[in-house]
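This is a predicted model, so every value here is computed, not measured.
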Amino acid sequence: MDLTLIVHLIALGIWIGVVGAEFAIEFDGMKSDENLIKASKMHYTTDLWVEIPAFTTVLITGLLMLNESHLEGVFLYKVIFALLAIFFNIICVYAVFKRRKYALKSDIEGMKTTDKAMAIGGLIVPTFLIAFGLAIYIAW
């Protein structure tokens, strides 16, 4: 196993781990307006310092390992779903950053305007799981 693949797999684990942690943060945020503000700020911090570097590393290392043979068959579907997961994560990050601006002003109604983008960003989970499942299938 080469170093690029090792870095890729570590970043992948960090990425999905922080996504899981963010679900817990968001679940707590549903309890009250005060918790929503706190959750918004925590989610922003995890995005900035953990999630963005993790999925960026996954993208870069994935592109470094990509070759012509990966653009056909099941591997192509894995690549497509992995790119979709990153795309949906970017949408979620955008919503998290926008929501934080409202949170800093304690603007609950403004924060709620980001709900649709957050929901779309939530599609990271199924697309990630499909890409991961295809990767396991290919490696099997």
Tell me, please, whether Phe75 has Lys78 positioned over its six-membered ring: NZ or CZ under 6.0 Å from the ring centre and within 45 degrees of its axis?
yes
Same cluster or not: are Leu84 and Val74 linked, directly or through other Ile, Leu, Val, Met, Phe, Trp or Tyr residues, by side-chain heavy atoms under 4.5 angstrom apart?
yes
Ile25 vs Lys38 side-chain heavy atoms within contact, under 4.5 Å
no
Less than 4.5 Å apart, side chain to side chain, heavy atoms only: is that true for Ile14 and Glu51?
no
Heavy-atom side-chain proximity of Phe87 to Leu83 below 4.5 angstrom
no
Is there a donor-acceptor pair closer than 3.5 Å between any side-chain N or O of Asn89 and the backbone N or O of Ile124?
no
Work out which heavy atom in Cys92 is nearest to a heavy atom in Gly121; give both atom names and the distance.
CB-CA, 3.8 Å
Please answer: with hydrophobic residues joined when any side-chain heavy atoms are less than 4.5 Å apart, are Ile108 and Met30 in the same cluster?
no
Is there side-chain contact between Phe132 and Ile16, with at least one heavy-atom pair below 4.5 Å?
no
What's the spacing between Ile37 CD1 and Tyr102 OH if we round to 0.5 Å?
14.0 Å
Thr57 and Ala11 have their tightest heavy-atom pair at CG2-CB, 3.6 Å
Would the distance check show the side chain of His8 and the main-chain N or O of Val58 forming a donor-acceptor pair, the cut-off being under 3.5 Å?
yes
Arg99 vs His43 side-chain heavy atoms within contact, under 4.5 Å
yes
Measuring from Leu71:CG to Ile80:CD1, what's the distance to the nearest 0.5 Å?
9.0 Å
Would you please say whether a donor-acceptor pair under 3.5 Å links the side chains of Glu22 and Thr46?
yes
Please determine whether residues Leu129 and Leu59 belong to a single hydrophobic cluster, defined as Ile, Leu, Val, Met, Phe, Trp and Tyr linked transitively by side-chain heavy-atom distances below 4.5 Å.
yes
Would a single hydrophobic cluster contain both Leu66 and Leu12, if residues Ile, Leu, Val, Met, Phe, Trp and Tyr are joined by side-chain heavy-atom contacts under 4.5 Å?
yes
Report whether Ile10 and Ile52 are members of the same hydrophobic cluster (ILVMFWY, side-chain heavy atoms less than 4.5 Å apart, transitive linking).
yes
Listing request: all side-chain hydrogen bond (donor to acceptor under 3.5 Å, both in side chains) pairs with a residue in residues 111-137, at least two apart in sequence or in separate chains.
none
Non-hydrogen atoms of Ala82 and Ala131 that approach each other most closely:
N-CB, 3.6 Å
Mind checking the OG-CG spacing from Ser69 to Leu76? Nearest 0.5 Å is all I need.
11.0 Å
Here the gap from Asp107 atom CG to Met111 atom CE, rounded to the nearest 0.5 Å, amounts to 8.5 Å
Spacing of Phe55 atom CZ and Ile60 atom CD1 [to the nearest 0.5 Å]
10.5 Å
For a 4.5 angstrom cut-off between non-hydrogen side-chain atoms, does Ile91 reach Phe88?
yes
Phe128 vs Val19 side-chain heavy atoms within contact, under 4.5 Å:
no
For residues Trp15 and Val50, determine if any side-chain heavy atom of one lies less than 4.5 Å from a side-chain heavy atom of the other.
no
Nearest heavy-atom neighbours spanning His70 and Val79:
O-CG2, 4.3 Å
Can you measure from NZ (Lys31) to CG (Leu36) and round to the nearest 0.5 angstrom?
13.0 Å
Identify the two heavy atoms, one from Met118 and one from Ala95, that lie closest to each other, and give their separation to 0.1 Å.
SD-CB, 3.6 Å
